[in-house]
Amino acid sequence: LHENITHSIELLQSLGYSVNKKKSELIPTTRICFLGFIIDSVAMTVQMQDEKAHKMIDHANHILSDPSPSIRSVASLIGQMTAALPAVKFGAVHIKSLEISKNRALVASQGDFQASMQLSHWDKVDIKWWQNHVLGATKSIVPRPITKTLFSDASNEGFGFFDQERHRKVGGRWSAEEKTQHINVLELAAAEICLRACCADMYHAHVKFFLDSQVAIACIRNQGSTRSINCNRVTRKILLFCEEHDLDLTLEYIRSEHNTEADSASREFRNPDTEWSLDTKIFNRLCNRFQFCPDIDMFASRLNHKVPTFCSWEWEPGAAHTDAFAIEWGRFPNIYAFPPFSVITRVLKKFLATDSRVHLLLVIPWWTTQPFFTLATKLLIAPPIAFKVGNHTLSLQHDKTQLHPLRKKLRLLAMFLSNSSTESKVFRDQYLECSPGHGARSHTASINHTSGDGSYIVVKGVYIPVTALFRTA
């Protein structure tokens, strides 16, 4: 090695170059300081020198202590942050907000760097992040082996992604609000949904991502965008998730015609009749009336779940469980369910088969001739609540312009149920048994009867009042 170094110096000098020996490292080493960074060829890392980090921290303190720092001072700090990026893994994502604020201030001041500017909340959050992370920051030179390969795509109607290792394809609709976003934002949103769904339990790993949007790839590679606020907002969510899980991302472009699995998932959806959602205000009112706080929404989706923990029909982003009939309900003491009408009987049978005591807030149609109606009333532990379906009582979150086809004649009943027969009996014992008037036909214990005006139902010979959700004058 010494001979090679000597030969290299002689060669350079013979060609007319001057070698600065004071700035050169002529002794072979595995750890070298270069331009303010410590490069370690054994650990294969780049680390920022403490002296350089302390200068940035002091500059950041000065800016945070000034309620109206100059644009030049903020631009100088951004320059220091940018220069530190070779050693700070997720540093760029914590610069973009500050750059956007600086650019806006420059426009407002007509390019005067001496003018003052105001820092937003997120600007201050990012500056503090740098203060907490720059000292001792280390970035690996060699990436980890790829452990996950994902494909994602977005259409104007929905998102789709494909997990190659699990061979699992998933798609879903955009909400009415999400549909208003530009397709570039939707492509990034699809990537975020895919990442959160497929890598929720992954840490310290390397993910390869195939996208068919060059804009989305550029945003993620640059760790944000100063041109599009919405693109930057979604990209920030992606990178913060990667930071939290310590994930490396490798982005690769794939042509749309080759991204078949994700593309089809973003355009093909299940029957929308299973997606009708109860109005949130009505749901909250029912919970207040029953003094009930559900642990899980047992039949829900990413768009219409009423509580954070929900069970979806199929595997879906954000869902804690899939297929309500395949999981153990005894894990959830308090359950909310607004199932498709065709499976209500199965819901009640599943509920009764649960070994531990469970309470269920069940919303069903007021169809007294259906077998599920008789079964449900026997499990009551509170007077049921009735309400008519209006134009906005039931909605599709992906298309709020659609109205439920049965809205003009459908009436719903909210029932608070227990799978404990003892608890149901204690509730019925609070009410007098049926006492038919003179000449009236008595309802036997096996008959379930609803009064003509819907003000009560008869369960095992006991009159149970039915209250209205909305009081009428």
Side-chain angles (χ1 to χ4, degrees), residues 48 52-85 87-137 139 175 177-178 180-182 184-189 191-193 195-196 200 215-216 218-247 249 308 318:
M48 192 171 180
K52 190 175 180 179
H54 281 298
K55 286 183 180 179
M56 184 190 297
I57 293 172
D58 292 340
H59 194 172
N61 282 330
H62 174 71
I63 289 178
L64 289 175
S65 63
D66 188 346
S68 300
S70 69
I71 300 175
R72 185 177 301 279
S73 179
V74 173
S76 176
L77 178 61
I78 292 174
Q80 287 180 304
M81 292 174 174
T82 303
L85 290 180
V88 185
K89 187 174 182 179
F90 293 100
V93 72
H94 297 280
I95 298 178
K96 292 298 186 289
S97 174
L98 202 57
E99 283 190 296
I100 291 171
S101 297
K102 181 209 70 176
N103 293 342
R104 286 176 172 174
L106 275 176
V107 172
S109 66
Q110 298 181 340
D112 183 7
F113 275 88
Q114 296 303 121
S116 62
M117 61 177 288
Q118 300 294 322
L119 297 178
S120 69
H121 167 74
W122 289 113
D123 295 338
K124 295 177 182 178
V125 168
D126 284 340
I127 292 175
K128 290 177 182 177
W129 182 93
W130 274 92
Q131 288 181 310
N132 295 331
H133 290 80
V134 70
L135 192 61
K139 188 175 180 179
S175 68
E177 293 77 13
E178 289 170 332
T180 63
Q181 297 292 333
H182 191 276
N184 291 336
V185 179
L186 295 180
E187 291 282 2
L188 286 165
E192 182 204 356
I193 291 171
L195 196 65
R196 291 183 181 277
V215 173
C219 286
I220 299 174
R221 281 180 178 167
N222 296 330
Q223 296 194 11
S225 170
T226 57
R227 294 187 176 185
S228 170
I229 302 299
N230 289 330
C231 283
N232 184 67
R233 171 179 51 81
V234 183
T235 305
R236 182 183 178 94
K237 292 180 181 179
I238 293 172
L239 273 300
L240 290 182
F241 177 85
C242 292
E243 180 184 350
E244 180 184 351
H245 288 246
D246 188 23
L247 299 178
L249 280 186

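One is the number of the first residue; the rest follow in order along the sequence.
- The 12-atom threshold is exceeded at NZ of Lys52, counting heavy atoms of other residues, nucleotides or ligands nearer than 6.0 Å.
- Glu187 has its side chain out of reach of Val215: every pair of non-hydrogen atoms, C-beta onward, lies at least 4.5 Å apart.
- Side-chain contact between Gln80 and Trp130: absent, with no pair of heavy atoms (C-beta onward) separated by less than 4.5 Å.
- Within the 4.5 Å cutoff, no side-chain heavy atoms of Leu188 are placed close to those of Lys237.
- Looking at every heavy atom in both residues, Ser228 comes nearest to Cys231 through OG-N, 3.1 Å.
- The heavy-atom pair separating Ser116 from Ser68 by the smallest distance is CB-O, 3.6 Å.
- Atoms CG and CD, from Asn230 and Gln181 in turn, are 4.5 Å apart once rounded to the nearest 0.5 Å.
- To the nearest 0.5 Å, the span separating CG on Leu98 from CE on Met117 amounts to 6.0 Å.
- Between Val93 and Thr235 the shortest side-chain heavy-atom distance does not fall below 4.5 Å.
- Salt-bridge formation is detected for the pair Lys89/Asp246: a Lys NZ or Arg NE/NH1/NH2 atom is positioned less than 4.0 Å from an Asp or Glu carboxylate oxygen.
- Side-chain contact between Gln131 and Leu64: present, with at least one pair of heavy atoms (C-beta onward) separated by less than 4.5 Å.
- Distance check: His54 NE2 to Met48 CE gives 10.5 Å after rounding to the nearest 0.5 Å.
- Considering every non-hydrogen atom in both Ala189 and Val234, the closest pair reads N-CG1, 3.6 Å.
- Between Pro67 and Gln118, the shortest heavy-atom contact is O-OE1, 3.3 Å.
- Taken from CG in Leu195 to SG in Cys242, the straight-line distance is 5.0 Å, to the nearest 0.5 Å.
- Atom CG of Asn232 and atom OG of Ser225 lie 6.0 Å apart (nearest 0.5 Å).
- Between Asn222 and Lys96 the shortest heavy-atom distance is O-NZ, 3.0 Å.
- Counting heavy atoms from C-beta on, the side chains of Glu244 and Leu240 never come closer than 4.5 Å.
- You'll find the ring centres of His94 and Phe90 outside the 6.0 Å limit.
- Note on ring orientation: taking the six-membered ring where Trp is involved, the planes of His62 and His59 are tilted (angle from 30° to 60°).
- Separation of atoms OG (Ser109) and CD1 (Ile71) is listed at 3.5 Å; rounding is to 0.5 Å.
- Under the 4.5 Å side-chain criterion, counting only non-hydrogen atoms from C-beta, Leu85 is in contact with Thr82.
- Side-chain contact check for Phe241 versus Arg196: some heavy-atom pair is nearer than 4.5 Å.
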